[in-house]
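Beneath this line is the structure, given in structure tokens, with notes to follow.
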Amino acid sequence: MKRQIKVGDIKIGGGAPISIQSMTKTDTRDISSTIRQIKELERSGCEIIRVAVKDFETAEAIRAIKRKINLPLVADIHFDYTLALCAIENGADKIRLNPGNIYKEDEIKEVVKLAKKRKIPIRVGANSGSIRNKGKSAAESIVKSVIDYIKILERMDFYDIIVSLKASSVLSTIEAYKLFSKKSKYPLHLGVTAAGPASTGIIKSSIGIGALLLDGIGDTIRVSLTGDPVEEVIAAKSILQALELRSFGPEIISCPTCGRCQVDLKRIAKELDARCLMLDARKSKQALRIAVMGCEVNGPGEAKEADIGIACGKSSGVIFKKGKIVKRVREKDIVKELLKLLIP
Ligand code: SF4
């Protein structure tokens, strides 16, 4: 089992639930927009938030942001170690350092000294795009650079460490995490870096993060998407729920529809999905499976297997609960009737 660290009051590693992270996309100096985005992310299920710290004004903004949010805040630092010092002084709950651009030992030591004093962890966050030591493969280079970095921290008796080894290639990412995991007990932050827009990024992240989680590797995850960060959080929740590692609310099992379908199943599934997401916001953690099936071919079978379900016919459907027929309803009442069973 991995060592456990704490970011604010969220535990990472050592058997703690796999936590969900995201990163704001606002200019961190725009304090009100950043707070607004963090609150939106928190409502959608984000548990740890990271902000980009690119100058001193940003590092100082952390103090005002922290006052208004509930999530632990991570300061993302590159190039200038003094920004890390400033972010810690202003209340950051964790610092991310990139071994590719903050690598001078005396500079790292300054950050470690202050992190130790403030009892906050450091993420050694390596990315394939900013790696300095070139090894045989991208994965080996990332692993080597992280291990060398960790040695500096350990020489200062600092063990409050979390590690990420992200590459934009899914296969290199998986290889790097597997390699590192064999050599180390530090908890792991998983992600595929620069995964792209949602259409491809969710797939790359699901394969990369999912393959590792299935192997028991990974303690916190971030899905990186070029797009709304709320989509990152929803994708992360879906990955964890699909692997049955955590449950965030009802799961919809709906058929793709075909020429046999005689209702507007796309609308029904979409509406139900949106209503279930709202249940999440109300902290519903029911691990229910709701089957929404277009016709009598697989419909009754799937609907019976799920906790509740609907098998549709011509402009209507038959609702099942725990394998038993509850009632026949008209197409326009399907969502309403299913929700009644969900929230009696
Ligand atoms: S359940 Fe029926 S409507 Fe849906 S894909 Fe299968 S055959 Fe088509």
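The first residue in the sequence is number 1, and the count goes up from there. In listed order, ligands and their atoms are each counted from 1.
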Under 3.5 Å, which donor-acceptor pairs do the side chains of residues 168-178 form with other protein atoms, sequence neighbours left out?
unit_1 : atom_1 : unit_2 : atom_2 : d
Ser169 : OG     : Leu171 : N      : 3.3
Ser169 : OG     : Ser172 : N      : 3.0
Ser169 : OG     : Ser172 : OG     : 3.2
Thr173 : OG1    : Ala167 : N      : 3.2
Thr173 : OG1    : Ala167 : O      : 2.8
Thr173 : OG1    : Ser169 : O      : 2.8
Tyr177 : OH     : Leu165 : N      : 3.1
Tyr177 : OH     : His189 : O      : 2.5
Lys178 : NZ     : Asp215 : OD2    : 3.1

For Lys183, the side-chain contact (heavy atoms from CB on, under 4.5 Å) test, sequence neighbours excluded, returns Val143, Ile147, Leu179
Those residues that, when tested against Asn90, pass side-chain contact (heavy atoms from CB on, under 4.5 Å) (two or more places apart) = Glu60, Ile62, Arg63, Cys86
With side-chain hydrogen bond (donor to acceptor under 3.5 Å, both in side chains) as the test, would you mind laying out the steps for Ser22 and Glu232 before giving the verdict?
-> CA-CA 7 Å; Ser22 186; Glu232 299 184 354; 2.8 Å; yes
Lys54 versus Arg29: any side-chain heavy-atom pair under 4.5 Å?
-> yes
Tell me the protein N, O or S atoms under 2.8 Å from atom 2 (Fe) of ligand 1, in chain and number order.
-> Cys295 SG
Min side-chain heavy-atom separation Asp160-Ile120 under 4.5 Å = no
